[in-house]
Structure formats: C-alpha cells, structure tokens
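Numbers restart at 1 for each chain; the letters A, B, ... are given by sequence-line order, proteins then strands.
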Amino acid sequence: MIQKIATWNVNSLKVRLPHVLDWLAAQRPDVLCLQETKLEDKAFPFAEIEAAGYHAIHHGQKTYNGVAILARSEAQDIVRGIPGFDDPQARVIAATVDGVRIVCAYIPNGQAVGSDKYEYKLNWLRALNAWLKDELTRYPRLALLGDYNIAPEDRDVHDPVAWRGQILCSDAERAAFRTLTELGLADAFRRFDQPEKAFSWWDYRMLGFQKNHGLRIDHILLSPALAADCTACAIDRAPRKLERPSDHAPVVAEIRA
DNA sequence: ATGGCTTGAGTGTCAAGA
C-alpha cells in the first residue's frame, strides 16, 4: 500500500547519500524519486539503499542527469527514457509500485529562452505529454514526480517581475505544464492550503535560501483516481538547512490507505 | 555588474545548473 510518495533533486547522489539515508529513516516514504544522481548505473549505491530497507532502480549516466526510484516494495514494469523518444540524456524512469504507476522525471533546464537547449526542453515536454496521455489509459493510478524546471505561476516565484519571461517561467514552458494538467493530472501541492512564498529550489549564491529567494519547480502531479485519495502535500525545507545541502528540497504527498 | 555557489572532470579551469 502506497501512503507517502516524494521527489527530491539531490544534485549528486554521491555527495548527498548521507542526507538521503537520514531522510529515508526519518520520513519512511513508500516511494522516493531522485533526480540528478550524476552517476553511472555501476556506481549507484544499491547496497546502502537496500540496507535502509528500499529497493532501487536507476537510469543513470556519467556526470549529468540520472534518475532513480527508491521503494519499499519491488518495482515492476520498469521503463527507462520516454518510449520512442531518442534521448542520450538519462531523465526518466518509470515503474509500477503497489499498483501505482510512478513516473520520475528530470525535465530539461532549457538554459535560456530561444536557445537550442530551450527547443530541446519544449520538444522533450511534447514527447512526455504524448507518452503520458497513453500511459493514463493503462494506469488510472499514476503519479508524475520530479524536477520540472518550470514555475507554473507567478506565486511560485520569489520575484515574478524579475523572472517574467525568463527561463523556467516563460509562457511556452508554463503552457507545457498546463498541457500536463489538461491530461487530468492535478498539482498535489495546490490542492491544499499552503504558506505564501513556498519554494522547492533556492540558488546557492547570494544567500538565496536565507533570503527565501526561490522558485517552486519540483512537483507531484496526480491522476484523478490518485488525487482523490491525496490528503496532504508539503515541501520539506529541513534538508536545505543542512551542511552541504542540495539546492532543492523534497516534496512529499500523502495518499489515503 | 551576466557576477554571486556547487558539482564533476581532472590537476587547468571549464560546463552546467536554475
């Protein structure tokens, strides 16, 4: 039974493994999706994760990207990458855990509006959308968790005027996010009352976290059947306060048993 | 002010992140 699912961009699992193990022990999620492991599969810390009581599946590469699903139950029907979308970058892993289809995604950053990387991001989002539309016909209980690299609305941005039209906030990126919600996927975080200025990422520079100069770019989207059973969603800022933190905080959703 | 910090690669100093 899945009761707690989470996502966390760890910005190098090699560096962040102690934080991840501590967080698993404290939170005991049923599923934790990781992004930016920055590891080849052969370097993934399977033994440490298993010792913590979790099965792990990984889709990695050297230096960049890399995604993993950690789960207390065994993952089934594992898919690496978006089927039919030729992509040298390891950004998606999906599997079924206790009857819930878990899709873990590290959506491209895009670097700058109008750049080649921006075009890649928008193409990537189109492929993701087409694939998920199909997945939803097969899996009524589906969750898309990850680093979307999109702040969906101005209230997800510490300084909306400065960020207007910029990367992570541009109209085309926000439209792509809405296309996902138009598949029926609900932003779990916005189904509940939340504090003002709630963010999931803060720049390492310029005291970004201390000043709460952040963005909400890490999300959990839920299919209608799963959203109906979702009882809470929150961002856990605690790991961002530790020594040598990831620049992202985990996002957690609770599902009724 | 296109800076500010962190990571990986690799041993110089750059690419990439968001």
Side-chain angles (χ1 to χ4, degrees), chain A residues 7-20 33-45 58-68 87-92 104-125 128 145-177 189 197-220 235 237 239-251:
Chain A
T7 180
W8 192 4
N9 179 324
V10 292
N11 185 20
S12 168
L13 185 56
K14 183 181 174 186
V15 174
R16 229 66 65 196
L17 183 61
H19 289 187
V20 171
C33 294
L34 302 179
Q35 302 85 39
E36 285 207 88
T37 60
K38 300 188 178 181
L39 295 173
E40 292 180 289
D41 290 345
K42 66 184 180 189
F44 190 88
H58 185 232
H59 179 40
Q61 65 182 94
K62 201 171 183 178
T63 312
Y64 300 116
N65 309 310
V67 283
D87 190 358
Q89 303 188 23
R91 294 182 173 278
V92 165
C104 170
Y106 176 43
I107 291 172
N109 171 284
Q111 197 169 61
V113 174
S115 67
D116 290 349
K117 289 177 182 174
Y118 184 72
E119 289 308 308
Y120 166 70
K121 180 178 193 171
L122 296 179
N123 283 330
W124 201 98
L125 282 160
L128 177 71
L145 308 93
D147 177 358
Y148 287 58
N149 273 312
I150 301 171
E153 302 177 56
D154 278 353
R155 61 178 165 163
D156 302 312
V157 180
H158 71 94
D159 185 347
V161 173
W163 280 86
R164 183 154 299 151
Q166 301 296 310
I167 196 65
L168 317 183
C169 301
S170 70
D171 289 346
E173 290 165 273
R174 287 179 169 177
F177 184 88
F189 190 76
K197 301 186 186 302
F199 308 124
S200 67
W201 170 88
W202 302 262
D203 203 307
Y204 283 125
R205 301 166 291 186
M206 305 291 283
L207 301 172
F209 182 67
Q210 290 88 331
K211 295 177 177 173
N212 198 30
H213 289 175
L215 305 173
R216 192 176 71 94
I217 55 176
D218 300 88
H219 308 296
I220 299 176
I235 297 166
R237 295 163 55 99
R240 189 62 176 78
K241 301 171 184 170
L242 300 171
E243 292 263 338
R244 263 190 117 179
S246 170
D247 43 358
H248 295 252
V251 184

A.B. asks: Identify, with sequence neighbours excluded, every residue that meets salt bridge (Lys or Arg N to Asp or Glu O under 4.0 Å) alongside A:Arg216.
C.D. replies: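 In terms of salt bridge (Lys or Arg N to Asp or Glu O under 4.0 Å), with neighbours along the sequence ignored, A:Arg216 is linked to A:Asp156, A:Asp187.
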
A.B. asks: Quick one: list whatever passes salt bridge (Lys or Arg N to Asp or Glu O under 4.0 Å) with A:Glu119, sequence neighbours left out.
C.D. replies: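 By the salt bridge (Lys or Arg N to Asp or Glu O under 4.0 Å) rule, A:Glu119 matches no residue at all.
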
A.B. asks: Would you check if there is a donor-acceptor pair between the side chains of A:Glu36 and A:Asn9 at a distance under 3.5 Å?
C.D. replies: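 A donor-acceptor contact under 3.5 Å links the two side chains.
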
A.B. asks: In whole angstrom, give me the gap between the C1' atoms of B:dT2 and B:dG12.
C.D. replies: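 Going atom to atom, C1' in each nucleotide, I get 23 Å.
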
A.B. asks: Base, sugar-phosphate, or nothing: which does A:Ile217 touch, judged by heavy atoms less than 4.0 Å apart?
C.D. replies: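 A:Ile217: backbone/sugar contact only, no base atoms under 4.0 Å.
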
A.B. asks: In whole angstroms, how far is the P atom of B:dA16 from the CD atom of A:Gln61?
C.D. replies: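 That distance rounds to 12 Å.
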
A.B. asks: A:Asp247 CG to B:dA16 P: how many Å, rounded?
C.D. replies: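 The distance from CG of A:Asp247 to P of B:dA16 comes to 17 Å, rounded to the nearest Å.
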
A.B. asks: What distance separates A:His19 NE2 from A:Arg244 CZ, expressed to the nearest 0.5 Å?
C.D. replies: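 Atom-to-atom, A:His19:NE2 and A:Arg244:CZ are 9.0 Å apart.
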
A.B. asks: Between A:His58 and A:Thr37, does any side-chain donor sit less than 3.5 Å from a side-chain acceptor?
C.D. replies: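 Yes, A:Thr37 and A:His58 have a side-chain donor paired with an acceptor closer than 3.5 Å.
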
A.B. asks: When all nucleic acid strands are considered with a 4.0 Å heavy-atom cut-off, which category describes A:Ile167: base, sugar-phosphate, or nothing?
C.D. replies: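 Nothing: the residue A:Ile167, judged by heavy atoms under 4.0 Å, touches no strand.
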
A.B. asks: Rounded off to whole Å, could you give me the CD-to-P distance for the A:Gln35 and B:dG17 pair?
C.D. replies: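 Rounded to the whole Å, the gap is 15 Å.
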
A.B. asks: Scan nucleotides 3-15 of chain B nucleotide by nucleotide, 5' to 3', and note B when protein non-hydrogen atoms come under 4.0 Å of the base, S if they reach only the sugar-phosphate, - if neither.
C.D. replies: -BBSSSS------

A.B. asks: Would you mind reading off the distance between A:His248 atom NE2 and B:dA18 atom C1', rounded to a whole angstrom?
C.D. replies: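 Spelled out: NE2 on A:His248 to C1' on B:dA18 is 7 Å.
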
A.B. asks: Hey, can you tell me if A:His219 and A:Tyr148 have their rings parallel, tilted or perpendicular (30° and 60° cut-offs)?
C.D. replies: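 Taking A:Tyr148 first and then A:His219, their aromatic rings stand perpendicular (interplane angle over 60°).
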
A.B. asks: For A:Asp147 and B:dA16, what is the distance between atoms CG and P respectively, to the nearest whole Å?
C.D. replies: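 After rounding, the gap between these two atoms is 17 Å.
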
A.B. asks: Please report, rounded to the nearest Å, how far the C1' atom of B:dA18 is from the OH atom of A:Tyr120.
C.D. replies: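 That distance rounds to 16 Å.
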
A.B. asks: What's the gap between B:dT11 and B:dA1 when it is taken at their C1' atoms, as a whole Å value?
C.D. replies: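 The answer is 31 Å between these two C1' atoms.
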
A.B. asks: Classify the nucleic acid contact of A:His213 as base, sugar-phosphate or nothing, counting any heavy atom under 4.0 Å across all strands shown.
C.D. replies: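 Since no nucleic acid heavy atom lies under 4.0 Å of A:His213, the category is nothing.
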
A.B. asks: Taking atom P in both B:dG10 and B:dT6, compute the distance separating them and give it to the nearest angstrom.
C.D. replies: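 Each nucleotide's P atom is 22 Å from the other's.
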
A.B. asks: Just checking A:Glu36: base, sugar-phosphate only, or nothing, at a heavy-atom cut-off of under 4.0 Å?
C.D. replies: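 Sugar-phosphate, no base atom in range.
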
A.B. asks: A:Leu168 CG to B:dA16 C1': how many Å, rounded?
C.D. replies: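 Taking CG of A:Leu168 and C1' of B:dA16, I get 13 Å after rounding.
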
A.B. asks: In whole angstrom, what separates A:Glu173's CD from B:dA18's C1'?
C.D. replies: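 Those two atoms, CD and C1', are 10 Å apart.
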
A.B. asks: Can you tell me if A:Asn9 touches the phosphate of B:dA18, counting only side-chain N or O atoms and a distance under 4.0 Å to OP1 or OP2?
C.D. replies: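 So the side-chain polar atoms of A:Asn9 do come within 4.0 Å of the phosphate oxygens OP1 or OP2 of B:dA18, strictly under.
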
A.B. asks: Is A:Arg174 salt-bridged to A:Asp154, cutoff N-O under 4.0 Å?
C.D. replies: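 Salt bridge between A:Arg174 and A:Asp154, a charged N being under 4.0 Å from a carboxylate O: yes.
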
A.B. asks: Touch check for A:Tyr148, heavy atoms < 4.0 angstrom, all strands: base, sugar-phosphate only, or nothing?
C.D. replies: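 Nothing: the residue A:Tyr148, judged by heavy atoms under 4.0 Å, touches no strand.
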
